[in-house]
K.L.:
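I'd like to ask you about the structure that follows.
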Amino acid sequence: MMETKKRLVFAADHAGYLLKNALIAVFKERGYEITDVGVNSGESCDYPIYAEKACNLVVAGEADLAILCCGTGIGMSIAANKVKGIRAACCSDIFSAKYTRLHNDANALCLGARVVGEGLAEELATVFVETGYEGIDGGKHARRVGLITEIENKNK
Ligand code: RB5
C-alpha cells in the first residue's frame, strides 16, 4: 500500500534560513506538501516566534511534522517543546533522528545550521520524515509518550 506523504512545515531564524530553504527544495522536489512560516532573510530575528508558528500548525493538525532550523537547533527545540503536544528533538546524528521517531513519536526535528552541513541535514530530515512511530498500536513506547503528555498536562 502506498503511504500518504507527510505534510511538512518548515521554520528558521536568520542563522537557519538558508538550510531551511535548501531542505524545502529537496522535499518539494520529492512531492511533499510544504508550508514555510519563515524567515526568509539573514536579518537578525527571534527564533521562538518561528518555532511557535510552525508548531502551532502541527498541533492544529494542519501539518504532520515540523522541521526547525537555527544556529544550533537548540533554541528552536527548547521553544518548540513549550508548545503543548510538541515533542521536538535536536539531532545531529542519524541514529537519534531515526529513534526519536520510532520511540518518542517526535513531531519536530530541530537542526543546527552551524552544526551540520547541508548534506547531513538532508539525511537527518529524510530519516526523520520517513520513519514511523513504533508505539502506534500501544506498548511500552506509547506508555512512555503518554507519561510525557501527563507531565505536560500537570504543568499547564
Ligand atoms: C542566533 O545567533 C542563534 O543564537 C540561534 O540561531 C540559535 O542557535 C539559538 O539557539
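All values reported here derive from a predicted model rather than from experimental measurement. Whatever order the structure lists them in is the order used to number ligands and atoms, beginning at 1. The analysis underlying the following values was restricted to heavy atoms, covering all of them including side chains, and did not include hydrogens, waters or symmetry mates.
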K.L.:
If you count heavy atoms of other groups shown closer than 6.0 angstrom to NZ of K84, is the number above 12?
P.N.:
yes

K.L.:
For ligand 1, note which part of D13 has a heavy atom under 4.0 Å away: side chain, backbone, both or neither.
P.N.:
side chain

K.L.:
Which residue from T72, I78, I74, V115 reaches closest to atom 8 (O) of ligand 1 through any of its heavy atoms?
P.N.:
T72

K.L.:
Please tell me whether T100 and R87 have a donor and an acceptor in their side chains that are separated by less than 3.5 angstrom.
P.N.:
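Side chains of T100 and R87: no pair found under 3.5 Å.
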
K.L.:
Considering residues, nucleotides and ligands other than E122, do more than 12 of their heavy atoms fall under 6.0 Å from its CD?
P.N.:
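Yes, CD of E122 has more than 12 neighbouring heavy atoms, counting only those of other groups under 6.0 Å.
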
K.L.:
Below 4.0 Å from ligand 1: does a non-hydrogen atom of R114 turn up there or not?
P.N.:
yes

K.L.:
Flag the pair E118 and K20 as a salt bridge only when some basic side-chain nitrogen lies within less than 4.0 angstrom of an acidic carboxylate oxygen.
P.N.:
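Not counted as a salt bridge, because no side-chain N and carboxylate O are separated by less than 4.0 Å.
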
K.L.:
With rounding to the nearest 0.5 angstrom, report the NZ to CZ distance, K28 to F10.
P.N.:
9.5 Å

K.L.:
Is atom 6 (O) of ligand 1 in close reach of the protein, with a heavy atom under 4.0 Å away?
P.N.:
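Yes, there is a protein heavy atom closer to it than 4.0 Å.
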
K.L.:
Record the part of A15 in heavy-atom contact with ligand 1 below 4.0 Å; permitted values are side chain, backbone, both and neither.
P.N.:
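The answer is the side chain.
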
K.L.:
Do the rings of H103 and H141 sit parallel, tilted or perpendicular, given the 30° and 60° boundaries?
P.N.:
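The rings of H103 and H141 lie parallel, inter-plane angle below 30°.
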
K.L.:
Among D64, I34, T35, L65, which residue satisfies the side chain to side chain contact (heavy atoms under 4.5 Å, CB included) criterion with R7?
P.N.:
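For R7, the side chain to side chain contact (heavy atoms under 4.5 Å, CB included) check succeeds only for D64.
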
K.L.:
For ligand 1, does M76 get within less than 4.0 Å through its side chain, its backbone, both, or neither, judged by non-hydrogen atoms?
P.N.:
neither

K.L.:
Purely on distance, is any nitrogen or oxygen of G75 under 3.5 Å from one on ligand 1?
P.N.:
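It does: an N or O of G75 is found under 3.5 Å from an N or O of ligand 1.
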
K.L.:
Which ligand 1 atoms does G71 reach within 4.0 Å, using its non-hydrogen atoms?
P.N.:
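So the atoms of ligand 1 that pass are 5 (C), 6 (O), 7 (C), 8 (O).
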
K.L.:
Number the atoms of ligand 1 from 1 as they appear, then name those within less than 4.0 Å of a heavy atom of H14, with their elements.
P.N.:
1 (C), 2 (O)

